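Remember, it's 1-based here, ligands and their atoms both numbered in the order they're listed. What you see is a predicted model, and the numbers here were worked out from it, not measured in a lab.
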Amino acid sequence: MLSFKYDARDIGYLRTLSKGEKSEMLQSTTIDVEKIRHDFPILQRRINGDHKLVYLDNAATTQKPRIVIDAISNYYMNYNSNIHRAVHQLAEEATFAYEDVRHKVAKLINARSTDEIIFTRNATESINLVAKCWARHHLTKSNRVLITEIEHHSNIVPWQIVTGEVGAFLDYLSIGDEGRIDIDDFAQKIHDPNLKLLSISQMSNVLGTILPVKEMTKLAHQEDVPVLVDAAQSVPHMKVDVQDLDCDFMAFSAHKMLGPTGVGILYAKREILEAMPPFIGGGDMIKEVHKQNTIFNDLPYKFEAGTPNIADVIGFGAAIDYLNNLGFKNIREHEMQITEYALERMNELQGITIYGPKVMNDRGAVISFNLGDIHPHDLATILNDFGIAMRSGHHCAQVLMERLDVSATSRVSFYIYNSKEEVNILIDALQSARRLFGL
Ligand code: 7TS
């Protein structure tokens, strides 16, 4: 790992812009970035001396607006209580607030009912819940689970564990260089009576590729194969409708969409959840407990044993309100504009390799790249000196790294508060790194 220190003045871009030009860089046609930035206390932070924080690691987790932080502290300060049990006023208020968020989530993804929304700890736990409570009971030795080469480890390892337990086979759909599915490979693999589940990301956390989940689900259903959609990278950035997609399961995390850590969502069709055994046992997931047997609770409580993460679920509700207020269409358009601009500017850099789709419609606001032979960790260290938070490594997608024949990439990922001005700071910092490495 390198440990060079930089002179901030290497980044000359901001000094050479007039006030009017600077303000133009903060605008987007759909979202008032400057206004939004005031809602995020952390964006006022200075890094490494007096550098403005340029936060470009949104695919890992997003920053939190004040209303989310306030919703959490308001719960603790004014109505902290356990839920679903006591009749006192605090318990009633807390239960109402918690359940109200379930309604917000159901509406967000257009689920038919709140019974289909299970709160978990994160997207990873949601997928593991399906692996343990559904796949473990539906797979036998001769069966297959089909995933793709672009999956996050969260959508690989649970299937390795469960197929390993029952002796079934974990199969992969090949992807092209831009992370797109090879449709011929898909058509061939889906047509298999032993295939019991298709589990795919809607958006790649490395390449940004958006998969044709609706079309793939339709073809899978023609073969009676249920579909799980890992929507950890899609629900935060675009309108996602589970009824339109007709998927059987969907998993995502609150923390990637302005919400707190510690809250995940599992959506599943009601009839599937009803037939599934519980995940873990304990309080709240029961109707009656006797010495030798238990009658489990109704949906969705059957899958939420123990005291849940009440405060953070309530915080997630505020995050959903904030995003709805901006509008998902506007969010997507803003991200497309900024990603297009970033791609354009990054392509100016000699020696850069950008992975993922070149066409904006097929991609989200994630750009993975390598700059010459600079190791991504060295590059991320250099960028950190300029106040830029960027991810480097395998991004929990080592199967994809093998497919791309690289050990690591650098990755920038944008969200609602990122501006073109920040893209310019990124480009200047990358230019400095190039100069330093003599590229
Ligand atoms: N699926 C995808 C597509 C993801 O990108 C991630 C997290 C997960 C599942 C797991 O989410 P979690 O909330 O359960 O951890 N992705 C990343 C990332 O790209 N960098 O850090 C975490």
Side-chain angles (χ1 to χ4, degrees), residues 55-64 105 109 118-132 147-161 172-173 175 179 181 198-211 213 216 227-238 240 245 247 249-267 279 309 312-313 315-316 319 335 355-356 363-369 376-377 380 389-401 403-404 408-415:
Y55 186 77
L56 303 180
D57 195 14
N58 293 287
T61 198
T62 61
Q63 298 304 344
K64 321 303 172 199
V105 175
I109 58 170
I118 314 292
F119 288 120
T120 61
R121 283 190 307 150
N122 44 41
T124 303
E125 189 172 86
S126 301
I127 297 172
N128 275 275
L129 194 160
V130 178
K132 297 255 184 280
I147 62 175
T148 81
E149 289 174 336
I150 63 166
E151 302 309 322
H152 186 278
H153 294 165
S154 300
N155 196 26
I156 297 177
V157 183
W159 308 120
Q160 286 179 345
I161 293 172
Y172 289 80
L173 281 171
I175 54 148
I181 293 301
L198 174 67
S199 189
I200 46 174
S201 291
Q202 189 165 21
M203 190 190 289
S204 160
N205 68 318
V206 179
L207 303 176
T209 315
I210 298 174
L211 265 59
V213 166
M216 291 170 81
V227 179
L228 184 150
V229 178
D230 174 353
Q233 296 292 347
S234 55
V235 169
H237 303 278
M238 59 200 233
V240 172
L245 295 177
C247 57
F249 304 98
M250 179 175 280
F252 57 100
S253 287
H255 71 92
K256 291 185 196 290
M257 47 191 302
L258 310 184
T261 51
V263 178
I265 306 298
L266 172 66
Y267 157 83
F279 185 36
N309 190 350
D312 291 322
V313 166
F316 183 36
E335 289 184 5
Y355 306 96
R363 58 142 52 250
V366 180
I367 304 176
S368 273
F369 63 98
H377 289 332
M390 174 191 83
R391 179 80 191 268
S392 55
H394 56 59
H395 317 292
C396 297
Q398 282 187 303
V399 171
L400 175 60
M401 294 294 121
R403 165 65 187 80
L404 296 175
T409 70
S410 298
R411 181 186 72 181
V412 289
S413 48
F414 306 108
Y415 209 27

Would you say [X] has any N or O atom under 3.5 Å from an N or O of ligand 1, going by distance alone?
| X | value |
| --- | --- |
| Met203 | no |
| Thr124 | yes |
| Ser201 | no |

Ligand 1 versus [X], non-hydrogen atoms closer than 4.0 Å: side chain, backbone, both, neither?
| X | value |
| --- | --- |
| Glu125 | neither |
| His394 | neither |
| His255 | side chain |
| Ala60 | both |

For Thr120 and Glu125: C-alpha separation, side-chain torsions, deciding distance, then whether side-chain hydrogen bond (donor to acceptor under 3.5 Å, both in side chains) applies. CA-CA 6 Å; Thr120 61; Glu125 189 172 86; 4.5 Å; no
Of all the non-hydrogen atoms in the protein, which one sits nearest to [atom], and at what distance?
| atom | result |
| --- | --- |
| atom 5 (O) of ligand 1 | Gln233 NE2, 2.7 Å |
| atom 9 (C) of ligand 1 | Asp230 OD2, 3.4 Å |
| atom 10 (C) of ligand 1 | Ser154 OG, 3.4 Å |

So, taking the atom named [atom1] in [X] and the one named [atom2] in [Y], what distance separates them when rounded to the nearest 0.5 Å?
| X | Y | atom1 | atom2 | answer |
| --- | --- | --- | --- | --- |
| Ser413 | Glu335 | OG | CD | 9.5 Å |
| Leu173 | Ile181 | CG | CD1 | 5.0 Å |
| Phe249 | Leu129 | CZ | CG | 9.5 Å |

Any atoms of ligand 1 less than 4.0 Å from a non-hydrogen atom of Asn205? List them with their elements.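 Here the atoms of ligand 1 in question are 5 (O), 18 (C), 19 (O).
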Just jot down the ligand 1 atoms closer than 4.0 angstrom to any heavy atom of Ser253, in number order.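 Counting from 1, the qualifying ligand atoms are 11 (O), 12 (P), 13 (O), 14 (O).
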Matching residue for His255 among Thr61, Thr62, Thr261 - test: side chain to side chain donor-acceptor pair (under 3.5 Å):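 Exactly one option meets the side chain to side chain donor-acceptor pair (under 3.5 Å) with His255, and it is Thr61.
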Nearest option to atom 19 (O) of ligand 1, as decided by whichever heavy atom of His152, Arg411, Arg391 sits closest: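 Closest candidate by heavy-atom distance is Arg411.
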From the options His153, Lys256, His395, select the one whose nearest heavy atom is closest to atom 22 (C) of ligand 1.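 Ranked by closest heavy atom to atom 22 (C) of ligand 1, first place is Lys256.
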Any heavy atom of Ala59 sitting closer than 4.0 Å to ligand 1?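 Contact check Ala59 vs ligand 1: positive.
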Is there a heavy atom of Asn155 sitting under 4.0 angstrom from any atom of ligand 1?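 Asn155 does not count as a contact of ligand 1 under the 4.0 Å cut-off.
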Just wondering, do [Y] and [X] contact through their side chains at under 4.5 Å, heavy atoms?
| X | Y | value |
| --- | --- | --- |
| Arg411 | Val366 | yes |
| His152 | Gln233 | no |
| Val105 | Phe119 | yes |

I'd like to know whether CZ of Arg403 has more than 12 heavy-atom contacts from other residues, nucleotides or ligands below 6.0 angstrom.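 Yes.
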Can you say whether the rings of Tyr415 and His237 are parallel (under 30°), tilted (30 to 60°) or perpendicular (over 60°)?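 Perpendicular: the ring planes of Tyr415 and His237 meet at over 60°.
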